[in-house]
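Inspection log for the structure reproduced underneath, given as structure tokens.
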Amino acid sequence: MTRQEGGVSSSVTGAIRLADLSRAEFTKIRTLPATWIALAVTLAANTLLGLLAATDTVRVATSDGQVAVAQLGTVMLAPVYAFLAVPVLTTGREYGGQLRISLLATPDRSRFLLAKLLTSAGTAIVAAPLVLLPGLLVRHAAGGLPAEVTAYLLLGLVGGGFAVLARSAVTPLAVLLALPVLVSPMLAGLLPGLVRLLPHEATLSFLGTSTGPALSRTAGFWVLLAWAAGFVGAAWVATVRRDS
């Protein structure tokens with residue numbers, strides 16, 4: 001099937017519509033079993049944490065004594081790392097051998113990456129409310145949905161861009177998970193100014209749930225946005241100039 005562009009068919013020019021590329025990327029996402037597993041895990045984790053936060057039946061021992069789950073921002077944000085598997089895996093799996101075919105079929109690499117980003121962002125915008133809303137409703141805090149969806153979207157862009165740079169799906173997930181679990185606790189007392197600029201900590205600041213070194217909510221948003229823009233920009237450069 002061809003499309004006429006100024007009298008010349010797209011089969012001759014090699015041009016592929018952005019809509020066609022986006023449709024192909026969406027097909028990849030929805031047919032990948034890992035996508036549905038990640039969304040199911042995120043939904044279950046958010047709902048469970050919402051129940052625990054609403055009932056206050058579980059408290060966690062900290063240096064400050066027993067703390068309710070709802071007050072532990074890192075714990076409440078933890079399901080996002082299951083959600084990140086969606087953009088990371090759909091992007092990183094290209095480097096298992098599919099990328100060469102994809103680039104041959106799509107000579108315009110900028111359009112190729114734009115389709116990926118638009119599809120990943122669109123998927124996050126649609127899927128995030130579905131996996132977040134049950135837990136937020138249980139906690140009687142549905143008003144926080146826009147901020148939560150924004151956080152999921154921006155962290156998803158960070159993960160997707162990271163997957164392009166690392167040419168892997170495993171490395172981004174491992175690094176992004178290690179930052180809040182290992183790096184932040186170790187450096188919080190030594191370099192609090194640096195720790196609060198990390199993606200996870202900036203997200204907690206933006207959501208107003210940070211218990212450590214924190215930025216204002218506005219500053220947290222801009223730092224998280226800068227991380228997303230930085231990784232997307234670096235991924236763009238890598239796709240255009242490095243990958244072949």
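FYI, side chains are in, hydrogens and waters are out, and symmetry mates aren't considered; it's all heavy atoms of this structure.
- Of the possible polar contacts, one joining the Ser205 side chain to the Leu215 backbone as a donor-acceptor pair under 3.5 Å is found.
- Looking at Asn46, its side chain never comes within 3.5 Å of a backbone N or O of Gly135 through a donor-acceptor pair.
- Atom OG1 of residue Thr239 and atom CZ of residue Arg111 lie 15.5 Å apart, to the nearest 0.5 angstrom.
- Here the side chains of Leu155 and Phe83 are not in contact, with every heavy-atom distance at 4.5 Å or above.
- One finds the CG atom of Leu194 at 10.5 Å from the CD atom of Glu201 (value rounded to the nearest 0.5 Å).
- No chain of hydrophobic side-chain contacts below 4.5 Å, direct or via other Ile, Leu, Val, Met, Phe, Trp or Tyr residues, connects Leu51 to Leu136.
- Criterion: ILVMFWY side-chain heavy atoms under 4.5 Å apart, direct or through other members. Under it, Leu48 and Leu130 are not part of a common hydrophobic cluster.
- Screening residues 28-52 for salt bridge (charged side-chain N to carboxylate O under 4.0 Å, His left out), with sequence neighbours left out, gives Glu25-Lys28, Lys28-Glu94.
- Taking every heavy atom of both residues into account, Val126 and Pro129 meet most closely at O-CD, 3.4 Å.
- Leu89 places none of its side-chain heavy atoms less than 4.5 Å from the side chain of Thr35.
- In the hydrophobic clustering of this structure, Val223 groups with Tyr152; members are Ile, Leu, Val, Met, Phe, Trp, Tyr whose side-chain heavy atoms approach within less than 4.5 Å, directly or through other members.
- Under the 4.5 Å side-chain criterion, counting only non-hydrogen atoms from C-beta, Ser184 is not in contact with His200.
- When all heavy atoms of Ala53 and Arg139 are compared, the closest pair comes out as CB-CG, 3.9 Å.
- Residues Trp227 and Leu154 are not in side-chain contact: their nearest non-hydrogen atoms beyond the backbone lie 4.5 Å or more apart.
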Kindly determine whether Met76 and Thr209 satisfy side chain to side chain contact (heavy atoms under 4.5 Å, CB included), including the steps that lead there.
CA-CA 9 Å; Met76 298 303 295; Thr209 57; over 6 Å; no
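- Put simply, the side chain of Ser120 never gets that close to the backbone of Pro87: no donor and acceptor are under 3.5 Å apart.
- Using a 4.5 Å cut-off on side-chain heavy atoms (C-beta onward), Leu179 and Pro199 make contact.
- Both Leu157 and Leu197 belong to a common hydrophobic cluster when Ile, Leu, Val, Met, Phe, Trp and Tyr are linked at side-chain heavy-atom distances under 4.5 angstrom.
- The two residues Arg23 and Asp20 make their nearest non-hydrogen contact at NH1-OD1, 2.9 Å.
- When each of Leu177, Thr42, Val88 is checked for a side chain to side chain contact (heavy atoms under 4.5 Å, CB included) with Tyr81, only Leu177 meets the rule.
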One pair to check against side chain to side chain contact (heavy atoms under 4.5 Å, CB included): Thr123 and Thr90. What are the steps and the verdict?
CA-CA 11 Å; Thr123 300; Thr90 53; over 6 Å; no
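- Pairing each heavy atom of Leu43 with each of Pro134, the nearest pair is CD1-CG, 3.6 Å.
- Residue Gly160 comes nearest to Thr91 through the heavy atom pair O-CG2, 3.6 Å, listed as atom of the first residue, atom of the second, then distance.
- We find the OG1-CZ distance between Thr150 and Phe206 to be 5.0 Å, quoted to the nearest 0.5 Å.
- Leu173 and Leu32 fall into different hydrophobic clusters, where Ile, Leu, Val, Met, Phe, Trp and Tyr side chains are chained together by heavy-atom contacts under 4.5 Å.
- For Leu21 against Ala115, the heavy-atom pair with the smallest separation is CB-CB, 3.5 Å.
- A heavy-atom distance below 4.5 Å is found between the side chains of Leu225 and Trp222.
- Summarising the geometry, atom OG belonging to Ser210 is positioned 11.0 Å from atom CG belonging to Leu77; distances are rounded to the nearest 0.5 Å.
- Atom CZ in Arg196 sits 14.0 Å away from atom CG in Leu204 (nearest 0.5 Å).
- Checked by atom type and distance alone, the side chain of Trp236 never pairs as donor or acceptor with a backbone atom of Leu114 at under 3.5 Å.
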